[in-house]
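See structure below.
Quick caveat, the model's predicted, so the values are computed rather than measured.
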Protein chains: 2
Amino acid sequence: MDTAAPRVTTRDRILAAAEAVLGECGYHGTRLHEIAGRVGIRKASLFHYFRSKEDLHHAVLEEWFGEIERVIRTALEGPGTPLDKLRSLTETYVDMVMAHPARTKIVLRQSLGDAPASHWPQEPQRLLRIVSDFIAEGQSAKMLAPFDPKALVFSVMAMAAFSSTSAAVLAPEWLGDPSSAESVERVKRHVVDVVERCLAVGGQARSAPSKRAAV
Amino acid sequence: MDTAAPRVTTRDRILAAAEAVLGECGYHGTRLHEIAGRVGIRKASLFHYFRSKEDLHHAVLEEWFGEIERVIRTALEGPGTPLDKLRSLTETYVDMVMAHPARTKIVLRQSLGDAPASHWPQEPQRLLRIVSDFIAEGQSAKMLAPFDPKALVFSVMAMAAFSSTSAAVLAPEWLGDPSSAESVERVKRHVVDVVERCLAVGGQARSAPSKRAAV
DNA sequence: GTCTATATAGGGATAGAC
DNA sequence: GTCTATCCCTATATAGAC
């Protein structure tokens, strides 16, 4: 009864606007004036909620990682074989990333060294480790084929992020609108396919193999 | 005798410095003062060579695409089976991207909408098309396995770019220093491996299959 | 072709009224 | 909690001497 308050505070609206503008313009390209304008308040009022631009930027990133970690743990604790779990995780992960291109752009730019944050959040490394450890276990148990786990997880992150943020510009012929259901489905199938090709052991059936035959 | 003048002009030194700073700080984070400082001249002197910051940024990107296109055409016109050519292309491409993280960062940020360039260069799309058309041909001739060519080429771009620019921050356990020979070799082997898993037909041997067995 | 000096603008952040 | 007004700083870009 105490966490069930869906009230949208001004702070929330600022965070939402900041997410959009930061994703669009990058940290240094973002003007606080623009964020305030979208919320419908004056620039100076932002400083009632956040000490500085950097503080606001940091707050935007916070929740995102927590959300991803929750999704990862849920998928890996689900039912099925290790490969089933990884397939499920991959699908959910792609869904999330494709549904939030602005957040993904912010994370991406952060990884390029855009924001002045001196210390990088350790979440990405921890999340990558959770999944790669899970894969390594499955490989020890002979339930998954041998393949460098970190290389694979990193590649999945790369493909998902790129598809969400850059596909429309770099490869519009392949993916039109990244947020369309069709695009999401295509990316999901592709990434899952790659994961299966790398981790499926001899006997394991792959999902929808006929779909891969395309030119 | 007329193109063989390896003289390094001041303009060249400005371009080199700009490449470094733009890669490090992004377009809006870049200060012309910083570029001038690295060249050893005053900020105002930059405007003798370039009309504006945007002009300088644009000039930095120009050569890069041309270089990539040359590499692609050379590899695809080389000897061997289609898969051989793609393997060779992939290796050379990864080499190039890993050797130039600053340029790669600039391209990446550009694809995120960082720079004020209203119209995006069409090179990436054309380059992607050249390679995916080549793959489609090989598939028609049954020399390559069926697999969505654009999805694969896009994924290779994603993996290479990410490895070059973000691996050290996102996955330092996997890749330490991206410019080290060891890292380059690891990424190369991984990306080539993925390409082979997607395009090799039944009988075709894969390179160094034993190297894939790792945990 | 490089410099000094300056124009012009806009940004983040603060003070203090209401 | 939001506003107006303003401080302070830095940025791009220009003007004109040398």
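- Shown here are the ring pair (Phe, Tyr, Trp, His ring centres under 6.0 Å) partners of Phe134(B), two or more places apart in sequence or in another chain: there are none.
- Of all nucleotides in DNA chain C, those with any atom nearer than 4.0 Å to a heavy atom of chain A start and finish, going 5' to 3', at dG11(C) to dT14(C).
- The ring pair (Phe, Tyr, Trp, His ring centres under 6.0 Å) check on Phe162(B) picks up Phe154(A), with sequence neighbours excluded.
- Separating the CZ atom of Phe50(B) from the C1' atom of dT14(D) is a distance of 18 Å, rounded to the nearest angstrom.
- Every residue two or more places apart in sequence or in another chain was checked for a salt bridge (Lys or Arg N to Asp or Glu O under 4.0 Å) with Glu63(B), and none qualifies.
- In this structure a side-chain-to-backbone donor-acceptor pair under 3.5 Å is missing from Ser163(B) to Val187(B).
- Not counting sequence neighbours, the partners of Glu34(A) by the salt bridge (Lys or Arg N to Asp or Glu O under 4.0 Å) test are Arg38(A).
- Residues of residues 17-36 of chain B having a heavy atom closer than 4.0 Å to DNA chain D, listed by number: Thr30(B), Arg31(B), Leu32(B).
- Donor-acceptor pairing under 3.5 Å is recorded for the side chains of Asp12(A) and Thr9(A).
- Between Phe47(B) atom CZ and dA11(D) atom P the separation is 12 Å, expressed in whole Å.
- Using a 4.5 Å cut-off on side-chain heavy atoms (C-beta onward), Thr92(A) and Thr74(A) make no contact.
- Between the side chain of Arg42(A) and the backbone N or O of Gly37(A), no donor-acceptor pair lies under 3.5 Å.
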